[in-house]
Amino acid sequence: MVQHHDVQALTISGLARRGDVGVETVRYYQRRGLLQTPERSGVAGLGGGIRRYGDEDVRRLRFIRAAQAAGFTLEQIGELMALDATDDRARARELARERIAALDARIDELEKSRASLKRLASECASSSAGPCPILTSFETP
């Protein structure tokens, strides 16, 4: 059974749950201009009313989280979100290529660390005499 959500049915806590973040994270993204802060609905006064969020807000929140996981800064994420409404594909490609280059450098660094750890495990396992050659295992061969 497919569950349908009303267009503006979520409270901030519901939005946070659907985006797998905390409420304060949603508020932080709002302060940074990455998420809209909807008007309060309902009776005005002391309690104000309740802000309601919809599926588009969930989509944007999930995008922010995925882009952060890919290593984009919040500034770059804001730029990507702004580019989403334009035809500036060249800039979007440029930002993506920059992230790919940074990820490739990080992958290279991780592969070197992995090789060093393999050397450490191998060298420590090969002999039971004397201390493990910990310092030398991280020297570049």
Are any non-hydrogen side-chain atoms of [X] and [Y] less than 4.5 angstrom apart?
X   : Y   : value
I12 : Y53 : yes
F72 : E98 : no
E79 : L95 : yes
V21 : R65 : yes
T86 : R91 : no

Do [Y] and [X] meet the salt-bridge criterion of a basic N to acidic O distance under 4.0 Å?
X    : Y    : value
E109 : R106 : yes
D55  : R18  : yes
K112 : D108 : yes

**Request:** List for me each residue that meets side-chain contact (heavy atoms from CB on, under 4.5 Å) alongside F63, sequence neighbours excluded, and say none if there are none.
**Result:**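 With sequence neighbours excluded, F63 shows a side-chain contact (heavy atoms from CB on, under 4.5 Å) to A67, I77, L80, M81, given in chain and number order.
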**Request:** Answer yes or no: is there a donor N or O on one side and an acceptor on the other, between the side chain of R62 and the main chain of G19, under 3.5 Å?
**Result:**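 Judged by distance alone, no pair lies under 3.5 Å.
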**Request:** Without swapping roles, check the side chain of R60 against the backbone of L34 for a donor-acceptor pair under 3.5 Å.
**Result:**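 Flag set: sc R60 to bb L34 pair under 3.5 Å.
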**Item:** Test side chain to side chain donor-acceptor pair (under 3.5 Å) applied to Y28 and Q30, R31, E24, R32, the passing residue
**Value:**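 It is R32, the one option of Q30, R31, E24, R32 that forms the side chain to side chain donor-acceptor pair (under 3.5 Å) with Y28.
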**Prompt:** Side chains of R119 and S122: donor-acceptor distance under 3.5 Å anywhere?
**Reply:**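 The answer is no; no qualifying pair exists.
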**Message:** Is it the case that over 12 heavy atoms from other parts of the model lie below 6.0 angstrom from the CD atom of E39?
**Reply:**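 No, because the 6.0 Å sphere around CD of E39 holds 12 heavy atoms or fewer from other groups.
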